[in-house]
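Order of appearance sets the numbers: ligands from 1, and atoms from 1 within every ligand.
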Amino acid sequence: MSGSEIQKQVQQIIDPVLERSLGDLKMIKQVQVEGNRATIDVELPTHAYLQRDALEKLIVEQARSAASDIENVEVNFAIETRGKKSGAKIGLRVKNVIAVGSGKGGVGKSTVAASLAFGLKHLGAKVGLLDADVYGPSIPHMAGVKGQPAVLEYTTSEGQQIHRIEPLDADGLKVMSIGFMIEEDQAVIWRGPMLHKILTQFLQQTEWGELDYLIIDMPPGTGDVSLTLSQMLGLAGAVVVCTPQQVALLDAVKAISMFNQVKIPVLGMVENMSGEIFGQGGVAKRAAELKVPFLGEIPIDASVRIKGDAGGIGSLYADDSPVRESLLKIVENVALEVVRNLQDEPEMPQLEIL
Ligand code: ADP
């Protein structure tokens, strides 16, 4: 049987996690046949595709049963992050911008935003983390990055001078925060136009480079920042964090309706601090009622607070971390949800800057 015939067969497989055919998902890049051996090149749409083994098994089985003359099937995986070019409108080379929001403070929104960014980076993606929580910028502290970002100067081909801010580096994660600009104990009152201006600067004047994902830690509750973001970017979506209690849930519903109003797609809800104290399962139930995906839960665990306080959120992915599996599940679900939402959407044209 020829390579193209095997390709046709393999393309009919329904991807076990994305629930569409591999053909639809354009994941089979090439099939080569040499004697009784087939080599199949598969392109995964995100580094957070964690069910490779299951997919490989399906492909091998399908190829073998389609072609009786094939004895060996080799599957090669490559990864090309899919995205809707979230930043194209403003010249940002970022495939997917994901906002992390909550209805109120203290539910672990920054913890989830930082974990999501570190998790995607841990899996091999190019990631940035923007702390837009102007009321309580805690990302520098959690990620363990301090200092003043360098300002780079460029001259364009027309002789114009351009300044760009270099984000700080946390083990390969690019981090930008209002916390780098103000003293830790400085109280700042932000009004709408100022918020708009600082966010624009953070997005447009930061040297983000090419990113697969830019995670934004949003200020809790407010609509101003979401509106600005939705005007500037084609966001891949928003993740809403809440705790299992009823009160926090009501706030989360407000956060969802706010994202809906500014037309930012909601990727789903995360339950944080699940366990004996606050209960468990409340968020999954509410997510089902609201018909938004439930993205997973993080147990209440001292290690989360201790690592956050010590600037070591990234080490929650260490092999012996008690929350590693819960966090990876959330990273996987968020990234897959982004891919699902991309279905058949046209890409935005990339605007060139510099
Ligand atoms: P928010 O951004 O919503 O204000 P934070 O992420 O700053 O919330 O979290 C508030 C506090 O709760 C921090 O001290 C953080 O370390 C702690 N925390 C967050 N999630 C957990 C968890 N799952 N288990 C234990 N402590 C947590």
Side-chain angles (χ1 to χ4, degrees), residues 98-119 129-145 170 173 175-179 182 184-185 187-188 190 215-223 225-226 229 238-245 247-256 258-259 268-284 294-318 320-331 333-334:
I98 299 172
V100 180
S102 66
K104 62 172 200 168
V107 298
K109 171 186 52 62
S110 301
T111 304
V112 171
S115 305
L116 193 54
F118 274 104
L129 175 58
L130 170 58
D131 182 3
D133 189 350
V134 288
Y135 303 110
S138 49
I139 293 292
H141 191 81
M142 282 184 182
V145 277
L173 180 77
V175 184
M176 192 62 199
S177 169
I178 186 70
I182 55 172
E184 239 174 77
D185 50 5
V188 184
W190 296 94
I215 310 298
I216 305 186
D217 183 13
M218 306 278 284
T222 56
V225 170
S226 313
L229 289 181
V239 171
V240 174
V241 182
C242 47
T243 56
Q245 306 112 295
V247 224
L249 277 176
L250 286 177
D251 287 309
V253 173
K254 278 189 222 151
I256 289 175
M258 177 200 72
F259 284 125
M269 294 168 88
V270 167
E271 176 167 300
N272 187 32
M273 307 194 196
S274 342
E276 281 165 28
I277 302 174
F278 296 141
Q280 189 179 20
V283 181
F294 177 63
L295 300 166
E297 58 196 24
I298 309 170
I300 189 157
D301 191 288
S303 71
V304 178
R305 184 183 48 77
I306 293 165
K307 298 284 186 200
D309 277 352
I313 280 281
S315 63
L316 291 176
Y317 288 96
D320 59 351
S321 161
V323 293
R324 178 188 151 89
E325 291 308 316
S326 321
L327 294 181
L328 279 176
K329 193 73 210 156
I330 292 168
V331 172
N333 283 339
V334 170

Which heavy atom in Q280 sits nearest to a heavy atom in S274, and how many Å separate them?
CG-CB, 3.9 Å
Residues S115 and V331: closest non-hydrogen pair is O-CG2, 4.3 Å
Tell me, do S303 and L316 make a side-chain contact under 4.5 Å, heavy atoms counted?
yes
Side-chain contact, heavy-atom cut-off 4.5 Å: I139 with D133?
no
Which pair of non-hydrogen atoms, one from D131 and one from P140, has the smallest distance, and what is that distance?
OD2-CD, 3.5 Å
Would you please name every residue forming a ring pair (Phe, Tyr, Trp, His ring centres under 6.0 Å) with F294, sequence neighbours left out?
none
Under 4.0 Å from ligand 1 - residues by heavy atom, chain and number:
G105, G106, V107, G108, K109, S110, T111, M142, N272, M273, I298, P299, I300, D301, V304, R305
